[in-house]
Number of protein chains: 2
Amino acid sequence: MATIKDVAKKAGVSITTVSRVLNNHPHVREETRQKVLDVLRELNYVPNANAGSLARKSTSIIAVLVPDITNTFFTTLLRGIEDKACENELLVILGNTDEDPSKEQIYIHKFLERRVDGLIVVPVENRRKNLKIIQRHEIPFVLVDRRVEGVDADFVGSDNYQGARLLVNHLIELGHRDIAMLSGPKEVSVFRERVEGFLSAMRDKNIPVKPEFILYGQKPIKEIGYNLTCRLLSYKTRPTAIFAANNSLAVGTVTALQQAGLNVPRDLSVTCFDDNDSNSFKPFFTSVIQPAYMMGYVAAEILIKRLKNNKKGQANKILMQTELVKRYSTAPGPAGIAD
Amino acid sequence: MATIKDVAKKAGVSITTVSRVLNNHPHVREETRQKVLDVLRELNYVPNANAGSLARKSTSIIAVLVPDITNTFFTTLLRGIEDKACENELLVILGNTDEDPSKEQIYIHKFLERRVDGLIVVPVENRRKNLKIIQRHEIPFVLVDRRVEGVDADFVGSDNYQGARLLVNHLIELGHRDIAMLSGPKEVSVFRERVEGFLSAMRDKNIPVKPEFILYGQKPIKEIGYNLTCRLLSYKTRPTAIFAANNSLAVGTVTALQQAGLNVPRDLSVTCFDDNDSNSFKPFFTSVIQPAYMMGYVAAEILIKRLKNNKKGQANKILMQTELVKRYSTAPGPAGIAD
DNA sequence: GTGAAAGCGCTAACAA
DNA sequence: TTGTTAGCGCTTTCAC
């Protein structure tokens, strides 16, 4: 591949001049510029961005880390990030951690080696270790969706506590009392918050919560949702409604229920956080929707601002509101609908 | 961030020696190695991969270009690629073209600038231009899913022609005669092949095909599927079955049908290519499934082989078999089931 | 076993 | 307006 040197020689100018026309610097005579432009074309010149980054000490790349790239919530988030990044001529590189802390660590390391300008990360769990590595090297990053204790960084999330309350209040209004909650790992902030919202809504209405009705899965994925639901079904007294902490868990829940010959919502109501599938022709779940696209967009915005302002300033903490969307997975419970 | 120079100075050795221990070269005294290792840790040294790439003239990065990152088919493909790449310590960077040729061009350019070692691309359309750019710079790449006329490159796809025949034969067996086909753009090979498969299966059974029953969309996405289906429904004689060329079109189709008060499969049968949602608890569509994961894995395998063998050798052309999966979107048609 | 030095392709003072 | 030069952080040849 042709280098800037080749171009300079052929155009009969110095490499500095070529560099100037490549970067649209002023103070280049129109005639010279044209000549260089011609040679550029003639040689099919493609600048080596790595060499440029090395010299410029900045890559114009931001890295994004998500726990599950097959989850609509994260792909939508990603799209928000990409759009904002694109507006600012930044390249986005993506890592999929699969909810695995060691994968997270590997990706973070690779991204640091590539000297990305900044990162946007949905952290896998509550261990500060991986994030501290980023901080130690003073690379700006923003946390999305999940907080991590002891890490003071920009954060964009949604009001999980309030969202969970919306969902639970809806179930209570439908007449449900025996409500079970399927949570993701305790270590992840969003799941703790959703459980707390659940508990508070129940407390407000003086409805007792059976301890065995709160189940924590190691990962918020459908296989785990399936297993936990089977456990619920094995109880002598079963819940009449299940609140799954995310979309994937809910899918596992419904799978287990169907397999047990139970109809949703006739026999049991099911609710969850987030949409399950962007492609669905008939969204099924009554759920609380987070503004995923906006969360990504804003996260990128904050990161970019930091990149431009030389990383200064206090951490931003942004909390977005959620919305309850009633659909087909919930129905009146045994207590009947309250007025 | 600490550089190799800092490490060398602090360890009292030359940068060459540091480089040697970083790359596990032999001929380093164990004592020296240990000392360097200690300093490496002490300074939290993270090698600059861009500088390394520049010197080594290879980045160990491969780029992947897909048309729609929200489509399960492509995310599954991607996962296959990633797994194989990971085995070989390659970093994958992703571009989402949104079926837009100009986005494709932009990404290809960015990837070339970053000097990726190779690319895996699901091309947007049948224009050679973007791919010729890659070829001109002699960067290895493999085409996946879609072929491009006039481009002789490694290719991994599936037997769309045969897959379409499976689907159509199934519909015919169910007693359907008035079968409509919703295709993606003519310019994309897979859609041409699926239409041809459709036509050949109909011809084999001597069933006439109404020209107005073959509709081409500009993009294979649900919005277009919706529009085309509305067009079908406006005809005086409607089809009794619709063959959507991919999963997203099919979702649009069902949406339109539901909106028109039609039940699938009672009033109309619908089939398509590929699964619609990896997360579904009750896959709905009778469809032909391509081995997406395997396609990605094999594509990466071929690319990596080429990277190692110095790019030599004739182009591989791999065609994988598809599988018909009968589910809930098809039912017997007016002619009744054939024996 | 170890180091000096050249070079990868580019940017950015500084001079002219 | 243009060119010279010194890096950016690393690899690698060659000599010791």
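Below, chains carry the letters A, B, ... as their sequence lines are ordered, and counting in each starts from 1.
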**OP:** Could you list by number each residue of residues 50-63 of chain B showing a heavy-atom separation from DNA chain C of less than 4.0 Å, or answer none if no residue does?
**Re:**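 The answer is L54(B), A55(B), K57(B).
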Subject >> Those residues of residues 3-13 of chain A lying under 4.0 Å from DNA chain C by at least one heavy atom >> reply: T3(A), I4(A)
Run the salt-bridge test on [X] and [Y] with the 4.0 Å N-O cut-off and return the result as yes or no.
X: R146(A); Y: E125(A); result: no
X: K103(B); Y: E82(A); result: no
X: R127(B); Y: E187(B); result: no
X: K57(A); Y: D117(A); result: no

Below 4.5 Å, heavy atoms only, C-beta onward: do [X] and [Y] meet side chain to side chain?
X: I221(B); Y: N71(B); value: no
X: V116(B); Y: I93(B); value: yes
X: V144(B); Y: V121(B); value: no
X: L65(B); Y: I120(B); value: no

To the nearest Å, how far apart are [X] [atom1] and [N] [atom2]?
X: I15(B); N: dT11(D); atom1: CD1; atom2: C1'; answer: 9 Å
X: Y45(B); N: dG9(D); atom1: OH; atom2: C1'; answer: 7 Å
X: H27(A); N: dC14(C); atom1: NE2; atom2: P; answer: 16 Å
X: N23(A); N: dA12(C); atom1: CG; atom2: C1'; answer: 10 Å
X: Q34(A); N: dT1(D); atom1: CD; atom2: P; answer: 15 Å
X: L22(B); N: dT2(C); atom1: CG; atom2: P; answer: 15 Å
X: N48(A); N: dT11(C); atom1: CG; atom2: P; answer: 10 Å

Subject >> Position toward the 5' end of DNA chain C (nearest nucleotide), E30(B) or R115(B) >> reply: E30(B)
Original post:
In terms of the nearest nucleotide of DNA chain C, which residue is placed more toward the 5' end: M1(A) or H25(A)?
Top reply: M1(A)
**OP:** Using only side-chain N and O atoms of S19(A), determine if any of them is under 4.0 Å from OP1 or OP2 of dC10(C).
**Re:**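 No, outside the criterion.
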Original post:
dT2(C) phosphate, OP1 or OP2: any side-chain N/O from S14(B) under 4.0 angstrom?
Top reply: no
Original post:
Under the criterion side-chain contact (heavy atoms from CB on, under 4.5 Å), which of V21(B), V36(B), V28(B) is the partner of V13(B)?
Top reply: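 Considering V21(B), V36(B), V28(B), a side-chain contact (heavy atoms from CB on, under 4.5 Å) with V13(B) is found only for V36(B).
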**OP:** Go through dT11(D), dT2(C), dA13(C) for me and flag the one nearest to the R20(B) side chain.
**Re:** dT2(C)
Original post:
If you check every side-chain atom of T16(A), which of dT11(D), dG3(D), dT2(C) has the closest atom?
Top reply: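 Shortest atom-to-atom distance from the side chain points to dG3(D).
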